[in-house]
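Structure first, then comments.
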Amino acid sequence: MFCYQCQEAAAGKGCTLKGVCGKTPDVANLQDLLISLIKGIATLTVRLREKGEEMPEVNKFITDALFMTITNVNFDRQRFVEKIEEALLIKEKVKNRLMEKGDKEDEDIRSLRELLTYGLKGLAAYAEHAAHLGFEEPEIYAFMQEGLVAAHNGHLSVNELIDWVLKCGSMGVSVMALLDKAHTSTFGHPELTKVNIGVRNNPAILVSGHDLCDLHDLLEQTQGTGVDVYTHSEMLPAHYYPAFKKYAHFAGNYGNAWWKQTEEFETFNGPILFTTNCLVPPRSQAQYADRVYTTGSVGFAGFPHIGDRINGKPKDFSPIIEHAKKCKAPIEIETGEIVGGFAHAQVFALADKVVDAVKSGAIRRFYVMAGCDGRMKSREYYTQFAEKLPKDTVILTAGCAKYRYNKLPLGDIGGIPRVLDAGQCNDSYSLVVVALKLKEIFQLNDVNDLPIAYNIGWYEQKAVIVLLALLSLGVKNIHLGPTLPAFLSPNVAKVLVENFGIAGITTADEDLQLQ
């Protein structure tokens, strides 16, 4: 805690361990949180008053909340918890009333603030992955903090916030480049790889999420134990990196995109490790709930958590390894192989072949179908779109959106697979590098002059930073689905449409007619 609001402030500077008045640190911190909330409520209330309306209950609440934080007034932790809960409800009431009063400018400002905030969340995810491998850039941290200040600033105009959003996109390019450098410097450049999707007869651990550093630690610690390791969902591209190919017990990929885990984890039999997001709360009757472990930023009540690294030492995965030894081998749910590893270095290795195919007309167009998968039935659109694409087109993909079409028999063009998987969602950076390289090779002035169309699926905030990164590079005419983000106000959506050609999706047949 830190409090210096009364004459008895410790040493005349401030109380840090406990208030001289008797206030405990938890109560002091709850008071600080309450004050922060009522500042936000006051900001909204002033705007509402400017529109000619008073809310007496808000006046009373703010007065009471301020008074109860005065020295020697209230030491009851629970009272402050209840007051904070009430503050959150009051804040929503004032916001809703403002909207009823036609606060259209506020709707757009709020929309842009949210867009910036969600971009910052995605930025943070990729920055954290890079930091785990020892790659950090102070400018990225500085921008995140400055961006949060901008998102909270009540005096920025729509145009100023649009500038911040595009700056966030530009920083997104930087952070994905940093993560690409972290991955390739540590594990080598991804290369064309066939990944087994069947199973072996050994007990095993299934690793989900995105953190390759965690996977490396686990593979090191499972060597010689008789326990195999499989990837799930966004961890699939780990198989493309040379450094992971030395592990004979790195068995393959099990299952599909994140949202199918509630069925696929049942049949895996062994423990599951979540290294990052994409966790779905298990159903109450789920048979696998006692086999799930979390680490890093992930958490779920009741799931054992593997602690962080201490003094640079690897994480201790012994609990999950011992658990795995007692489990049966996975039940096979499919057989075959997935081909991937087409990050920028691998594509550049095939550059002559690709360029010749474009010049000869064998490849007429590329489709960037990156992003996220999800539960909505409307996402079947992406499978249909991929199936209906002409045979002289190639799909460039990254992220778990690929699970909608990466097992389809789409064939190849002169030995070039028609689905080129660059990797995880952050490897959308590779797709950008490839596009910029093609622009250079074909001596074009604008990346939008390339024979490339963008049909992106989005679900969460990492996809938001990918989208903003593309916009910051001047990429236009992106189709975004299966629905446009709910946080985009009509006016903000209109700006994106007019300035960048952002559009939603319709049907596979209709959208193919637009290409």
Side-chain angles (χ1 to χ4, degrees), residues 1-2 16-17 25-26 29 120-142 144-145 148 175-176 178-188 203-235 237-238 241 243-244 246-247 249-250 270-279 289-327 424 426 462:
M1 65 175 285
F2 182 82
T16 56
L17 300 177
D26 60 338
N29 290 328
L120 292 170
K121 286 186 179 186
L123 197 69
Y126 296 146
E128 182 167 302
H129 298 333
H132 288 171
L133 291 167
F135 288 75
E136 299 178 89
E137 289 181 357
E139 313 84 70
I140 293 172
Y141 296 132
M144 278 194 282
Q145 293 152 22
L148 286 169
V175 78
M176 285 189 281
L178 178 66
L179 182 53
D180 178 76
K181 181 179 179 182
H183 283 164
T184 56
S185 298
T186 308
F187 306 117
I205 297 170
L206 186 61
V207 185
S208 195
H210 305 71
D211 199 302
L212 298 186
C213 191
D214 286 340
L215 177 64
H216 175 264
D217 285 357
L218 179 66
L219 285 169
E220 282 288 309
Q221 293 171 41
T222 45
Q223 284 192 104
T225 63
V227 173
D228 286 339
V229 175
Y230 293 78
T231 55
H232 173 260
S233 192
E234 278 274 61
M235 196 58 84
Y241 290 88
F244 292 116
K246 68 179 182 181
Y247 299 103
H249 63 297
F250 194 27
I272 300 99
L273 174 67
F274 274 94
T275 64
T276 61
N277 55 309
C278 300
L279 188 156
D290 63 347
R291 293 189 274 113
V292 181
Y293 291 72
T294 61
T295 191
S297 298
V298 197
F300 190 83
F303 289 174
H305 189 77
I306 306 295
D308 291 338
R309 295 173 182 81
I310 299 175
N311 298 325
K313 294 181 180 179
K315 291 181 179 180
D316 179 10
F317 287 112
S318 57
I320 192 171
I321 296 170
E322 292 306 309
H323 189 156
K325 291 177 181 178
K326 302 171 186 174
C327 297
Q424 297 178 335
N426 47 277
K462 296 198 308 305

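One-based numbering along the sequence shown. Reckoned from all heavy atoms, side chains included, excluding hydrogens, waters and symmetry mates.
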Please report the shortest heavy-atom distance between Val298 and Asn277, naming the atom on each side.
-> CG2-N, 4.3 Å
So how far is it from His210 NE2 to Leu215 CG, rounded to the nearest 0.5 Å?
-> 13.0 Å
Can any side-chain N or O of Asn311 pair as donor or acceptor with the backbone N or O of Lys313 at less than 3.5 Å?
-> no
Residue set satisfying ring pair (Phe, Tyr, Trp, His ring centres under 6.0 Å) with Tyr241, at least two apart, ordered chain then number -> His183
Taking all heavy atoms of Leu206 and all of Thr231, pick out the closest pair and write down the distance.
-> CD1-O, 3.5 Å
Sorted by chain and residue number, the side chain to side chain contact (heavy atoms under 4.5 Å, CB included) partners of Ala204 (sequence neighbours excluded) come out as Asp228, Tyr230, Phe268, Pro330
With Phe300 via side chain to side chain contact (heavy atoms under 4.5 Å, CB included) - residues at least two apart | Leu279, Pro281, Pro282, Phe303
Looking only at atom types and distance, does a side-chain atom of Thr222 sit under 3.5 Å from a main-chain N or O of Val227, one as donor and one as acceptor?
-> no
Please name all residues satisfying side chain to side chain contact (heavy atoms under 4.5 Å, CB included) with Asp217, sequence neighbours left out, ordered by chain then number.
-> Gln221, Arg309, Pro314, Lys315, Phe317
Closest heavy-atom pair, Cys327 versus Pro203, reported as atoms and distance to 0.1 Å, is O-CB, 3.4 Å
Interatomic spacing from CZ in Phe274 to NE2 in His232 - rounded to 0.5 Å | 7.0 Å
If you round to the nearest 0.5 Å, how far is OH of Tyr126 from OG1 of Thr276?
-> 10.0 Å
From Tyr247 OH over to Glu220 CD, what is the distance, rounded to the nearest 0.5 angstrom?
-> 3.5 Å
Could you tell me whether Lys181 atom NZ has more than 12 heavy atoms of other residues or ligands within 6.0 Å of it?
-> no
So, the side chain of His249 versus the backbone of Leu219: is there a donor-acceptor pair under 3.5 Å, distance only?
-> yes
Provide the closest heavy-atom pair for Ile306 versus Thr295 in the form atom of the first, atom of the second, distance.
-> O-OG1, 3.0 Å
From Lys462 NZ over to Gln424 CD, what is the distance, rounded to the nearest 0.5 angstrom?
-> 9.0 Å
With a 4.5 Å limit on heavy-atom distance, are the side chains of Asp214 and Val207 in contact?
-> no
Backbone N or O of Ser208 within a donor-acceptor pair of the Ser233 side chain at under 3.5 Å?
-> no
Taking only distance into account, with no hydrogens and no angle test, what donor-acceptor pairs under 3.5 Å do side-chain atoms of residues 127-137 form with protein atoms, sequence neighbours excluded?
| residue | atom | partner | partner atom | Å |
| --- | --- | --- | --- | --- |
| Glu128 | OE2 | Ser297 | OG | 3.0 |
| His132 | ND1 | Asp211 | OD2 | 2.6 |
| Glu136 | OE1 | Tyr141 | OH | 2.5 |

Shortest non-hydrogen separation from Pro271 to Tyr293 and the atoms involved | CB-CE1, 4.0 Å
Ile205 side chain reached by Ile321 side chain, heavy atoms, under 4.5 Å = yes
For Leu212 and Ala238 the tightest heavy-atom approach is CD2-CB, 3.8 Å
Would you confirm whether Arg291, through its side chain, and Gly270, through its main-chain N or O, come within 3.5 Å as a donor-acceptor pair?
-> yes
Rounded to the nearest 0.5 Å, what separation is found between the CE atom of Met176 and the CG atom of Leu123?
-> 9.0 Å
Residues two or more places apart in sequence or in another chain: which of them pass salt bridge (charged side-chain N to carboxylate O under 4.0 Å, His left out) with Asp290?
-> none
